[in-house]
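As the structure is a prediction and not an experimental result, all values here were calculated from the model.
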Amino acid sequence: MTRTAFLFPGQGSECAGMGKELIAQRPDLADTYYRTADDLLGFPLSRLCVDGSPRDLEDPTVAQPAAFLTSMAVLEVLRGRGLEPDAVAGHSLGEYAALVAAGALEWTEALWLVRLRSELVATVGDRVGSATAAVIGLSRPDLTRLCAETRAATGQVVEVAGDNEPRQTVVSGQAEAVARVAEEARAAGARVEWLRTGGPFHSSLLGEAEAEFTETLIATEFRDPAVPLVSGVTGGWVTTAAEAVVALRGQLTSPVRWTGAVETLAASGTDRFVEVGPGRVLGGLVRRILPGARVHSTHTPERLARAVDDLSATTV
């Protein structure tokens with residue numbers, strides 16, 4: 001029996017104009033989500049989603065709410081066709097959208113948390129001078145060793161920040177140290193891709209931000225997930241509201257365990273994955289973790305329609 005997981009992307013999947021065609025086809029989404037987001041945040045996020053330039057989206061305090069909001073709009077389209085997931089998961093930022101899809105968090109509360117999270121991390125990034133890079137082709141143990149050696153040599157923080165798939169690991173920290181690790185990784189035969197995150201996500205540099213963010217998390221109403229939810233922090237299941245709070249709290253300073261999250265979904269019988277929101281990053285990662293997996297993206301109206309048709313055909 002087919003089991004379907006909805007996956008929600010993080011920062012890096014956003015692109016200029018990502019809400020334009022969606023709103024053109026579903027004008028009701030403008031009032032339900034986009035204008036509500038504008039009022040809540042106090043700036044024209046809807047305009048930036050529709051007409052914003054790539055430069056506008058370089059700011060994580062814009063890019064992260066925009067990516068989250070796009071995922072919410074796509075989720076509404078899927079639900080409007082009667083389509084619901086058997087399980088959900090989100091990559092970093094995407095975990096907030098996953099919690100909404102699981103019924104554990106109201107979308108407006110999640111949007112507010114996303115905005116605050118991005119502001120706190122950007123502040124730390126500006127203060128310490130941060131960088132983030134994906135390293136392809138070097139094992140995690142070797143990369144962990146390089147980070148430790150670089151930290152000992154420079155006195156700067158650089159850490160493994162994410163396990164995206166078996167051959168791709170993310171490092172994050174202070175810019176000079178990350179650059180040195182990248183140089184050493186290239187010398188060892190790896191490929192390095194620089195990521196525009198605007199802060200040292202998933203690193204110990206965010207310890208103070210984590211403490212401040214926790215105060216807001218505790219004041220936010222969470223519910224037990226109504227849909228099975230896998231945490232990107234632990235790679236395991238989140239079954240209670242308290243566990244959801246712990247996962248979001250630890251997310252700032254803990255690495256993303258995306259390989260583990262996808263493998264947990266697969267072990268539960270999940271054999272179809274729908275990337276709900278902008279981009280196709282997660283689909284590519286899933287295919288490398290689970291060769292042969294059925295993966296749908298929804299980042300264009302055409303692909304969204306194709307996903308709806310396929311999901312509808314197997315749920316009738």
Joint cluster assignment, I23 & L57, ILVMFWY side-chain distance < 4.5 Å:
yes

Pair S139-D142, side chain to side chain donor-acceptor pair (under 3.5 Å): steps then yes or no:
CA-CA 5 Å; S139 71; D142 285 343; 3.2 Å; yes

Using the side chain to side chain contact (heavy atoms under 4.5 Å, CB included) definition, which of the options W107, F8, Y33 pairs with L75?
F8

Do the side-chain N and O atoms of S297 and R280 include a donor-acceptor pair separated by under 3.5 angstrom?
no

In sequence, state the C-alpha distance, the side-chain angles, and the governing distance for R303 and T298, and then conclude on side chain to side chain donor-acceptor pair (under 3.5 Å).
CA-CA 5 Å; R303 288 186 177 273; T298 60; over 6 Å; no

In the single-linkage hydrophobic clustering (I, L, V, M, F, W, Y; side-chain heavy atoms under 4.5 Å), do V181 and V170 co-cluster?
no

Counting only heavy atoms not in E302, do more than 12 sit closer than 6.0 Å to its CD atom?
yes

Fellow cluster residues of W258, listed by chain then number, with links counted only when side-chain atoms sit under 4.5 Å apart
L7, V230, W237, V256, V262, L265, F273, V281, L282, L285, V286, I289, L290, V295

Does the side chain of D126 pick up a donor-acceptor pair with the side chain of T123 at under 3.5 Å?
no

Are V121 and L252 close enough that some pair of their side-chain heavy atoms sits under 4.5 Å apart?
yes

Enclosure of E149 CD (heavy-atom neighbours >12, cutoff 6.0 Å)
yes

R115 side chain to T61 backbone, donor-acceptor under 3.5 Å:
yes

Do you know the tightest heavy-atom contact between G279 and H299?
N-CB, 3.3 Å

When rounded to the nearest 0.5 Å, the distance separating CD of E212 from CZ of R117 is 14.5 Å

Stepwise side chain to side chain donor-acceptor pair (under 3.5 Å) test for H202 and S92:
CA-CA 9 Å; H202 311 294; S92 188; 2.7 Å; yes

Any side-chain to backbone donor/acceptor pair from Q156 onto A177? Under 3.5 Å, distance only.
yes

Can you tell me how far apart OH (Y96) and CD (Q64) are? Round to the nearest 0.5 Å.
8.5 Å

Side chains of S130 and V124 in contact at under 4.5 Å (non-hydrogen atoms):
no

Given the rule that I, L, V, M, F, W and Y join up when any side-chain heavy atoms are under 4.5 Å apart, are W112 and L99 in one cluster?
yes

Side-chain contact, heavy-atom cut-off 4.5 Å: E275 with P9?
yes

V157 side chain reached by S204 side chain, heavy atoms, under 4.5 Å
yes

Examine the side chains of E184 and T150 and answer whether a donor and an acceptor come within less than 3.5 Å of each other.
no

Distance-only polar pair, side chains of E210 and T253, donor-acceptor under 3.5 Å
yes

Using a 4.5 Å cut-off on heavy atoms from C-beta on, say whether the side chain of F68 contacts that of M72.
yes

In terms of hydrophobic clusters joined by side-chain contacts under 4.5 Å, are L206 and L195 together?
no

Does the side chain of E106 come within less than 4.5 Å of R223's, by heavy atoms?
yes

Evaluate the salt bridge (Lys or Arg N to Asp or Glu O under 4.0 Å) criterion for residues E76 and R81: first the C-alpha distance (whole Å), next the side-chain angles of each, then the deciding distance (0.1 Å), finally the verdict.
CA-CA 9 Å; E76 178 68 17; R81 296 293 298 271; over 6 Å; no

Answer yes or no: is there a side-chain heavy-atom contact under 4.5 Å between T4 and T270?
no

Determine, using the 4.5 Å side-chain heavy-atom cutoff (strictly less than), whether V233 and L105 are members of one ILVMFWY cluster.
no

Can you see which heavy atom on I136 is nearest to which on Q168, and at what distance?
CG1-CG, 3.9 Å

Which atom pair, heavy atoms only, marks the closest approach of G277 to S71?
CA-OG, 3.6 Å

Heavy atoms, side chains only, cut-off 4.5 Å: are L45 and Y34 in contact?
no

Could you please spell out the steps behind the salt bridge (Lys or Arg N to Asp or Glu O under 4.0 Å) verdict for R47 and D38?
CA-CA 9 Å; R47 180 180 61 77; D38 290 349; over 6 Å; no

T2 versus R294, side-chain donor and acceptor atoms under 3.5 Å:
yes

I would like to know whether E165 and R287 meet salt bridge (Lys or Arg N to Asp or Glu O under 4.0 Å); could you show each step before the answer?
CA-CA 9 Å; E165 48 102 338; R287 288 187 180 95; over 6 Å; no

Using only heavy-atom distances, determine whether the side chains of T259 and D163 contain a donor-acceptor pair under 3.5 Å.
yes

For a side chain to side chain contact (heavy atoms under 4.5 Å, CB included) check, start with the C-alpha distance between T36 and T108, then their side-chain angles and the critical distance, and finish with the verdict.
CA-CA 8 Å; T36 300; T108 50; 4.3 Å; yes

